[in-house]
Structure formats: structure tokens, C-alpha cells
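To start, the structure under review is shown below, and the notes come after it.
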Protein chains: 2
Amino acid sequence: MADHRAGRGVKRGELAKRTGCHLETIRYYESAGLMPEPERTDAGHRLYDPEQERRLRFILRARDLGFTIGELREMLCLADGQGGSCRDIHAMTSAHITGIRRKISDLRKLDATLSRISKRCARGDTPECPIIDAFYGRVS
Amino acid sequence: MADHRAGRGVKRGELAKRTGCHLETIRYYESAGLMPEPERTDAGHRLYDPEQERRLRFILRARDLGFTIGELREMLCLADGQGGSCRDIHAMTSAHITGIRRKISDLRKLDATLSRISKRCARGDTPECPIIDAFYGRVS
DNA sequence: ATAGGCCCTGTAGTCGGTACAGGTGCAAGA
DNA sequence: TCTTGCACCTGTACCGACTACAGGGCCTAT
């Protein structure tokens, strides 16, 4: 083992494998300011310590929960203790939940409309179709 | 009126105003192959006839209903009578409805998870926050 | 010696638009 | 007649959240 720092962390590929994150996404999160610039081996390879692995898992979990990169940046800033309080985090989360509920409501309306339109369709062999007509506004 | 073709249609700005579509979006739909290349005035300005206006409304309605540009291209191809049947349209719409329902289901799970996590939060003044802890995986 | 594998960098492509720079033509007001 | 302003033209860059790939470097094993 040529590099004396190699014992101190894992490289990008290993981190990706451990977290299930795409290899390139880690580099993207670094450029996006979510992940810190990690230490490097003599060959210039990134070395991640357990704290950085936890941070990546945090990011992945929050992304899974639908937070945007911008929200994450803000949240990580608060989590890092840069002047934020538990109250602030709660406010962000509440706003996010509100957004999710609005999306659900929109999609339900979509579902209802499309289902209604689709039900009129006879699934015939002709090109004439009541769904198309509905999109053209020729029927309600 | 210098242009003898001007009576035959409306220009891009007018079409945008009529349909509520963003001016540039019309050009984008043309480049995306959804809208046909319209006639031009002598000055090179696009001129849309009523049929093209109907087509744009079709596109906007379908986009509103969550269809992607790719799906729309396919649907318009069928609507134009290029070998598709009513049955095909119905199949596409059904697939789309299925997708919407899956999205709704995903978002409901998100809502439940976030609401559960958020409820634990005391909204305190300290940086310590159970929401952050949950994201870090330190609690369920 | 060389082949393979991992890593590095920078850049381009995806989707569905939006925005803007720089240019043209046309009509109305001073 | 000049000029001001508007609508339109083209091409290109930007957004978010990645993903993919070209063209290298370095290390290990055979």
C-alpha cells in the first residue's frame, strides 16, 4: 500500500457502493456544495471518513423524501449549527409537507379527469377517439 | 397592411395571448416537432391558422394533464391518423393514469413519513432537532 | 511489459421550458 | 422626415438534478 492515508477512509467507488449512490452523483454533490471537499490520497483520489459517509446518507435520505438541493443546502447549514434552530427545521419541513399535499391534490384531480375521459372510450379500431376529442376541447 | 397574407392567420404573440401559452414555448413546441412549421409573412413572421391554434390547445391541455412531450408526440401522431386506433390512445391514457396513481401513492408515503418525523419536533430554540436526527438515521 | 481497473478532470446531454442578446421590419408620433 | 417603440426573428445559454463519456493518470497483477 503506497499511500499512508489510505487507511483513513474510503474512496469514491467504495462510498458509492456502500450508500447505493451513483458514483458521479457524489462528485456532483461536492460541486453543489452539499458534500465537503474530502481529503485526497497522494494520487489525488478522494478519501471519505465516516462523518462524510453519514452526511451523504443524510443527503440521500432527504432527497428520497423529496427535498430539493436548495432546501438541502439550507437544511445542512442548519444541521451544521450555522445559526439555525430546531424551529427553523420544523418550519422547512412543514412547508415541504404542504407542497407534497398540494401535489397529491393536483394529481388526484388529474386522475379523476383522465379516468372520466378514458371511460367514454370504446377502444375501437377506428382513429376516431373520444379521448382525442376531449383533448381538442370538442367535448367537456 | 403591407402583407397580403396577414389576414389569413395570427402571429406568435397573438396566439400566445389567446391560448395563455408562453411566447417562447410555441417556438419550443415547433422545434420539438409538436407544432408544424407555420406559414410566414413576407417579413418572416409566423402565421397560425385556426387548425394550428386547435393543435396548440390540444398540446397545452394534454401537458396540463401531465403527458410528457414524448407521449404527446406519439398521441398527436395517432390523432393525425398516422396508423393509430382509438384502442392505442386508450392504452396510452391508461398507462398514464397508472403512472399518476403510482406518484400519488409515493407522495402519500412521503407525507406520512415526514408528518411522523415532524410531529416529534419540539420546535425549540436549540440546534438539536429530532428531524435532523431522523435524517441522519439516528432514530427510526 | 502490459493489461485491467479504479480514479481524475472537464464537458455534454437529458426534459421542458425560459430568458436574453443582437438584429430586422413596420407603423405612428413629433 | 426622423425617430421611437414595438413585435418579431434567430441562436444560444440557463435552470435542476443528475448521468455519461472522453481522455488522461496511477497502481497492481500477470
Q.
Could you work out, with salt bridge (Lys or Arg N to Asp or Glu O under 4.0 Å) as the rule, every residue matching B/R102, not counting sequence neighbours?
A. none
Q: Starting from P on C/dC8, measure out to CD on A/E39 and report it in whole angstrom.
A: 14 Å
Q. Just checking A/F67: base, sugar-phosphate only, or nothing, at a heavy-atom cut-off of under 4.0 Å?
A. nothing
Q: For the side chain of B/T25, starting at C-beta, report the closest nucleotide among C/dT9, D/dC8, C/dG17.
A: C/dG17
(Q) As a test of reading the structure: which of C/dC7, D/dT19, C/dT9 is closest to the side chain of A/R40, going by heavy atoms? (A) C/dT9
Q | Distance-only donor-acceptor test, B/E14 side-chain atoms vs D/dC8 base atoms, 3.5 Å | A | no
Q) Can you tell me how far P of D/dC18 sits from CZ of A/R12, to the nearest Å? A) 15 Å
(Q) Nearest to the side chain of B/H22, heavy atoms from C-beta on, is which of C/dT18, C/dC8, D/dA17? (A) C/dT18
Q | Base C/dG17 to side chain B/R27, donor-acceptor N/O within 3.5 Å cut-off | A | no
Q: Identify, with sequence neighbours excluded, every residue that meets side chain to side chain donor-acceptor pair (under 3.5 Å) alongside B/E53.
A: B/R18, B/R57
(Q) Please report the distance, rounded to the nearest Å, between CG in A/D42 and P in C/dC8. (A) 14 Å
Q | Distance, rounded to the nearest Å, where A/L23 contributes CG and D/dT19 contributes P | A | 10 Å
Q: Please report, rounded to the nearest Å, how far the C1' atom of C/dT9 is from the CD atom of A/E37.
A: 14 Å
Q) Does the side chain of B/Y29 get closer than 4.0 angstrom to OP1 or OP2 of C/dG17 through an N or O atom? A) yes
Q. Cut-off 3.5 Å, side chains only: do A/S115 and B/R101 have a donor facing an acceptor?
A. yes
Q.
Quick check: on DNA chain D, is the nucleotide nearest B/K11 upstream (toward 5') of the one nearest A/R73, or the reverse? Name the residue that is more 5'.
A. B/K11
Q) Could you give the CD1-to-C1' distance, from A/I26 to D/dA17, as a whole number of Å? A) 15 Å
**Q.** NZ/NE/NH1/NH2 to OD/OE distance under 4.0 Å, A/R55 and A/D80
**A.** yes
Q) Taking for each residue the nucleotide of DNA chain C bearing the nearest heavy atom, is the 5' side occupied by B/I69 or by B/E24? A) B/I69
Q: Could you state the atom-to-atom distance from CE of A/M35 to P of D/dA17 in whole Å?
A: 17 Å
**Q.** Minimum-distance nucleotide (side-chain atoms of B/Y28 versus D/dT19, C/dG17, C/dC7)
**A.** C/dG17
**Q.** Whole-Å distance separating the CD atom of B/E30 from the P atom of D/dC8
**A.** 14 Å
Q. Can a side chain N or O of B/R46 be found less than 4.0 Å away from OP1 or OP2 on D/dC8?
A. no
Q: Determine, for B/E37 against B/R46, whether the closest basic-nitrogen to carboxylate-oxygen distance falls under 4.0 angstrom.
A: no
